[in-house]
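By convention in this document, chain letters (A, B, ...) are assigned in the order of the sequence lines, proteins followed by strands, and residues within each chain are numbered from 1. If you're wondering where the values come from, they're calculated on a predicted model, not measured in any experiment.
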Amino acid sequence: MIKAIKGTKDIYYPEIEKWQFLEEIVIDVFSNFNYNEIRTPIFEETALFARGIGESTDIVGKEMYTFTDRSGNSVTLKPEGTASVVRALLEHSLQKAKPLNKFFYISPMFRQERPQAGRLRQFHQFGGEALGSNNPYLDAEMILIPYIVMQMLGLSDFKVKINSLGVPESREKYKTVLREYLSDKVKDLSEESRRRYETNILRIFDSKAENDILIMNEAPKILDYLSNEDIDHFEEVRNILDDAHIDYEIDEKLVRGLDYYTNTTFEIVSGSVGAQSALCGGGRYNLLARELGGVDIPAVGFAAGIERILLACKNEGLLEFDPYPLPLFIVLLDKSYDRIAYNLSLYFRGKGVETELDYLGRSVKAQMREANKNNAQFVLFVGGEEINESKVTLKNMADGEEAKYSFDSLEEIVNKIYSSDEE
RNA sequence: GUGGAUGUAGCUCAGUUGGUUAGAGUAUCUGGUUGUGGCCCAGAAGGUCAUGGGUUCAAAUCCCAUCAUCCACCCCA
């Protein structure tokens, strides 16, 4: 039997309801902040990600789904959303149409990693990008928006971590200092961290080895090497968050894995989802547009993992919905009236009443059981003696009360169903 | 890519030191009871015991290989 590819999942009942619930909240919150949805293609020219995310990153180096199409072009399934949004902005010169563009997306992403709790090969993110301004209010907004989404979901076991990486010049200066600090301690680091000492020294801060953590706790801090301008920007972001009553902690060890980040970086981590605890991450990327199109467009954004957020909801006992009530179920008492029953269903559906009926030719008893499983509020019986008087019987499933209606007073049934819904 | 764990009914799981026809709960279907439904009762259907090989009189059970899934490393959302 053909099965879904490793690290991919089919999403259907009952989980799909949670996805729809979450997506509705996401759209509401973004709309509330006046962000516009953008849908970019699911694959792009490989060079976009290689240049945008950075050749040396793990994502580009070993995780991308890259293949050659039939025309011989190298294309890649998108591993993240930001590069595509920036590409679209530049391609359509949207920075000229509007000085500030605020976009959001909800989209699948693809990375060929070993699957694990909270880590899939096709996973889904919602994210926001604000392009065209260096204003620290937008940095704060990128934290505020996912924070509000998580609050609306009812999550409580999470915290916000922020840091600033400054501009590349100060980061390079800091790396040099860090390299000096570690020069005589390299031998005590874990094997993994010794490798990073050569390749990407900042990532040693991510190490989970106990001894590495001890050594890095004593290391010089990046915030001491930022320019005055960057420090002011970071302080302003923090003040805005304080005034918005967002709890956060400064984590000077928070260095993110994508090359394009400058200044503010942040993460929202959950305490209830296992090893892959980052629910959301993002930061400012003032240099990415120049890298991709030669234009300076200061920008900031974030992305949040939908599977991880839903996992956190599950572990915190949230989103346990009761089955949706079904307003109307039509029960066929006599099979010869099936066309009448179906036409009635079309009438009620046309009136906006969600309606179901039996498609399997089952007994009245089985139909009633089915109505019950669907949590039907009303059942409409078609057939029996009353059909000879052109009437149908409506039963209220809550109290068992029944009433007959003639075919020319179906409107009354609709009203009855709607009025009971309001109670 | 590295390590560990696990694969038995649609789902969640039992299955003794190897021993007849592999079980339960739940879901599904049919019927009884009920004012035509919920609760209850009865019955039915549902399995290549992941796959392949080996040991044995005998394998779901022991051994080997393969595959898959899960968890952790790594990486990140």
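The distance from the CZ atom of A/Arg171 to the CG atom of A/Asn263 is 8.5 Å, given to the nearest 0.5 Å.
Rounding to whole angstrom units, NZ of residue A/Lys3 and C1' of B/rC70 are separated by 13 Å. Straight-line distance from the CE atom of A/Met368 to the P atom of B/rC39: 13 Å, rounded to whole Å. Atom CZ in A/Arg369 sits roughly 14 Å away from atom C1' in B/rA27 (whole-Å rounding). Rounded to an integer number of Å, the gap from A/Asn396 CG to B/rG35 P is 18 Å. Rounding to whole angstrom units, CD1 of residue A/Ile5 and C1' of B/rA68 are separated by 14 Å.
In this structure, A/Phe30 and A/Tyr35 have tilted ring planes: the angle between them lies in the 30° to 60° band.
Judged by distance alone with a 3.5 Å cut-off, no donor-acceptor contact links the side chain of A/Gln116 to the base of B/rC75. For A/Arg362 against B/rG31, no side-chain N or O and base N or O form a donor-acceptor pair under 3.5 Å. Under 3.5 Å, the side chain of A/Arg114 and the base of B/rC75 form no donor-acceptor pair of N or O atoms. Side chain A/Lys365 to base B/rU33: a donor-acceptor pair is found below 3.5 Å.
Put simply, A/Lys62 has no side-chain N or O that comes within less than 4.0 Å of OP1 or OP2 on B/rC74.
The 12-atom threshold is exceeded at CD of A/Glu17, counting heavy atoms of other residues, nucleotides or ligands nearer than 6.0 Å.
No salt bridge links A/Lys159 with A/Glu267; every basic N to acidic carboxylate O contact stays at or beyond 4.0 Å.
With a cut-off of 3.5 Å on both pairing distances, B/rU20 has no Watson-Crick or G-U wobble partner at all.
Comparing the P positions of B/rU69 and B/rU12 gives an interatomic distance of 15 Å, to the nearest angstrom.
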